[in-house]
Protein chains: 2
Amino acid sequence: MKKEAAPKTEATPKRNKDLFYKRQMQIIKKATHLFMKKGYAQTSMREIAKATGIDIRNLYYFIKNKEDILFLVFDMLHKPELELFEKQGIMDIDDPIAQLSAAIRGLLDAGGRNLDDEVLLLYRESKSLPKRLLKNILARESEVVSHIETILKKGKARKIFAVEDTSYTANLIVYQLCVYPLRHWNMKEYNREELSDLMVKHVLKMVLA
Amino acid sequence: MKKEAAPKTEATPKRNKDLFYKRQMQIIKKATHLFMKKGYAQTSMREIAKATGIDIRNLYYFIKNKEDILFLVFDMLHKPELELFEKQGIMDIDDPIAQLSAAIRGLLDAGGRNLDDEVLLLYRESKSLPKRLLKNILARESEVVSHIETILKKGKARKIFAVEDTSYTANLIVYQLCVYPLRHWNMKEYNREELSDLMVKHVLKMVLA
DNA sequence: CTGTAATTACAACGATCGTTGAATATAACG
DNA sequence: CGTTATATTCAACGATCGTTGTAATTACAG
């Protein structure tokens with residue numbers, strides 16, 4: 001409402017960066033947990049301060065403001081998903097079926113056991129971010145979708161997959177990975193591994209020629 | 001935090017009920033619009049008052065408190081979905097394929113053009129409801145899932161559908177109906193009708209033997 | 001017309017929110 | 001050691017939040 005500055009935290013210490021970013025990460029992690037549990041708007045800065053053991057006024061030395069925390073949280077949550085495609089060798093797998101399966105399993109395990117509520121957080125709190133930052137976040141997610149679409153196109157070209165609209169289906173696949181966090185109330189019966197298998201099967205049935 | 005009373009609005013006028021519920025509905029509709037646009041926590045009672053033209057203190061004559069409004073909003077949004085199965089003849093269709101297709105198209109058109117953001121609201125703000133009310137809301141949604149599962153089971157018995165876990169797939173189908181509202185940023189290319197067709201095709205491909 | 005119930009008009013409460021500045025202590029460098 | 005950069009300690013601000021009670025007014029019943 002008041003200022004709309006850069007997402008960067010104002011203080012940029014030149015020496016001993018480690019400690020600064022360590023504290024920042026400490027804040028982000030605690031905030032993530034609180035945001036997931038109570039929601040962004042329902043979590044006060046005082047709660048974050050208490051959870052981290054850092055005084056409220058001190059908090060503002062490490063982060064710019066509350067919105068900045070939310071942005072940093074999203075930033076952290078999406079990192080593993082992108083690294084999956086960039087650093088790990090998924091895009092190098094030749095067989096489209098094996099590649100798609102690996103991508104799905106990889107994305108499901110990307111955030112460890114966290115992914116569950118993390119994605120929910122993204123969908124839930126995206127309206128709390130200013131448009132500029134939201135676009136930044138969503139652009140990252142679009143990258144993931146693009147990677148999936150690339151796999152689909154290759155499979156389609158080899159006549160292994162039969163998908164009408166690769167963009168739509170890629171979106172649907174990424175979207176499906178969040179069924180559990182978003183609909184946990186109806187799906188308590190499955191554990192992570194069962195769910196992985198079910199998803200791979202469903203997706204393959206959906207795209208196979 | 002303070003009281004946890006019944007979800008019913010305290011005042012129950014005996015005569016001239018119409019006007020009372022008319023005002024209540026007026027509040028709910030405006031609130032729905034505000035909640036969808038800004039989010040529940042970010043919408044103040046004063047904004048609702050201003051939007052309806054009713055004084056803040058008078059608002060509390062028609063509704064119990066802010067949470068009550070959110071509950072009534074959800075209550076209103078889910079009504080068309082349930083009526084689709086109960087009042088309309090979808091459950092009477094014999095052919096599972098035609099029945100499933102009709103159910104999907106019906107659910108997509110249930111809320112008219114509203115459905116889009118309405119579902120987003122449910123997923124986004126469910127944590128703002130106390131557990132008791134949340135369970136009530138989710139139970140309604142489970143009814144929809146149950147109806148879908150019934151259709152799937154019939155098709156499976158007739159060997160028209162091939163689904164491993166009807167419960168999971170039913171959840172997945174209902175879930176898929178909300179792709180657009182939840183991922184609108186990536187899917188601006190499709191209009192409602194195109195999306196209807198795509199969904200029916202995808203779902204059928206997913207369940208057909 | 002009279003009495004009763006439904007609605008509106010009206011202001012103030014305590015609580016909590018996000019945010020800020022200055023003075024002091026600690027650690028790193030020459 | 002002395003200087004400089006980094007980190008911690010501390011209290012108070014204005015703003016907005018959700019909520020409440022009572023008295024005056026309207027609409028309807030007999």
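Convention: sequence-line order gives letters A, B, ...; per-chain numbering from 1.
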To the nearest angstrom, how far is [X] atom [atom1] from [N] atom [atom2]?
X: K66(B); N: dT19(D); atom1: NZ; atom2: P; value: 8 Å
X: L59(A); N: dT8(D); atom1: CG; atom2: C1'; value: 13 Å
X: Y40(B); N: dG18(D); atom1: OH; atom2: C1'; value: 10 Å
X: L34(A); N: dG18(C); atom1: CG; atom2: P; value: 12 Å
X: F20(A); N: dA28(C); atom1: CZ; atom2: P; value: 17 Å
X: M45(B); N: dC17(D); atom1: CE; atom2: P; value: 11 Å
X: Q42(B); N: dG18(D); atom1: CD; atom2: P; value: 11 Å
X: K22(A); N: dT6(D); atom1: NZ; atom2: C1'; value: 16 Å

Is it the case that the side chain of E125(B) and the backbone of Y40(B) share a donor-acceptor pair, with hydrogens and angles ignored and the cut-off at 3.5 Å?
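Looks like yes, one N/O pair under 3.5 Å.
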Can a donor-acceptor pair be found between the side chains of T166(A) and E149(A) at a distance below 3.5 Å?
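The criterion, which ignores hydrogens and geometry beyond distance, is satisfied for E149(A) and T166(A).
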Taking only the side-chain nitrogens and oxygens of S44(B), find out if one of them lies under 4.0 Å from OP1 or OP2 of dC17(D).
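Result: yes.
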Return no unless some side-chain N or O of Y60(A) is found under 4.0 Å from OP1 or OP2 of dT20(C).
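So the side chain of Y60(A) is outside the cut-off, no N or O lying under 4.0 Å from OP1 or OP2 of dT20(C).
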What pairs of residues pass the salt bridge (charged side-chain N to carboxylate O under 4.0 Å, His left out) test when at least one of them lies in residues 166-180 of chain A, not counting sequence neighbours?
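Found none.
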Do any of residues 46-56 of chain A sit with a heavy atom less than 4.0 Å from DNA chain C, and if so which?
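Going residue by residue through residues 46-56 of chain A, the ones with a heavy atom under 4.0 Å of DNA chain C turn out to be R46(A), I56(A).
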So, using side-chain contact (heavy atoms from CB on, under 4.5 Å) as the criterion, who are the partners of [X] when residues are at least two apart?
X: L82(B); answer: E86(B), R140(B), E143(B), V144(B)
X: I97(A); answer: D95(A), S101(A), I160(A), F161(A), L204(A), L208(A)
X: K29(A); answer: M25(A), M76(A)
X: L129(A); answer: L70(A), F71(A), F74(A), L133(A), L134(A), I137(A)

For residues 48-58 of chain B, run the donor-acceptor check on the side chains, cut-off 3.5 Å, and write out each pair with its distance to 0.1 Å, sequence neighbours left out.
unit_1: T52(B); atom_1: OG1; unit_2: I48(B); atom_2: O; d: 2.9
unit_1: T52(B); atom_1: OG1; unit_2: A49(B); atom_2: O; d: 3.0
unit_1: T52(B); atom_1: OG1; unit_2: I54(B); atom_2: N; d: 3.3
unit_1: D55(B); atom_1: OD1; unit_2: R57(B); atom_2: N; d: 3.0

Can you confirm if the NZ or CZ of K30(B) lies within 45° of the ring axis of F35(B) and under 6.0 Å from the centre of its six-membered ring?
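Judged by the rule, K30(B) and F35(B) form no cation-pi pair.
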Scan nucleotides 21-24 of chain D against the protein and return all N/O pairs shorter than 3.5 Å with their distances rounded to 0.1 Å.
none

Only counting residues at least two apart or in another chain, list the ones meeting salt bridge (charged side-chain N to carboxylate O under 4.0 Å, His left out) with K79(A).
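K79(A) satisfies salt bridge (charged side-chain N to carboxylate O under 4.0 Å, His left out) with no residue once adjacent residues are dropped.
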Output all residues satisfying salt bridge (charged side-chain N to carboxylate O under 4.0 Å, His left out) with E83(B), sequence neighbours left out; order by chain, then residue number.
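E83(B) satisfies salt bridge (charged side-chain N to carboxylate O under 4.0 Å, His left out) with K87(B) only.
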Check every atom of dT8(D), dT19(C), dT8(C) against the side chain of Y61(A) and return the nucleotide holding the closest atom.
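Looking only at heavy atoms from C-beta outward on Y61(A), the closest nucleotide is dT8(D).
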Could you check which of dA7(D), dG18(D), dT8(C) has an atom nearest any side-chain atom of R23(B)?
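Ranking dA7(D), dG18(D), dT8(C) by closest atom to the R23(B) side chain puts dT8(C) first.
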Dot-bracket line, read 5' to 3' along DNA chain D, where crossing pairs take [ ] and | marks a partner on another strand, Watson-Crick or G-U under 3.5 Å
|.|||||||||||||||||||||||||..|
Residues two or more places apart in sequence or in another chain: which of them pass side-chain hydrogen bond (donor to acceptor under 3.5 Å, both in side chains) with E141(A)?
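For E141(A) the side-chain hydrogen bond (donor to acceptor under 3.5 Å, both in side chains) partners, ignoring immediate neighbours, are R183(B).
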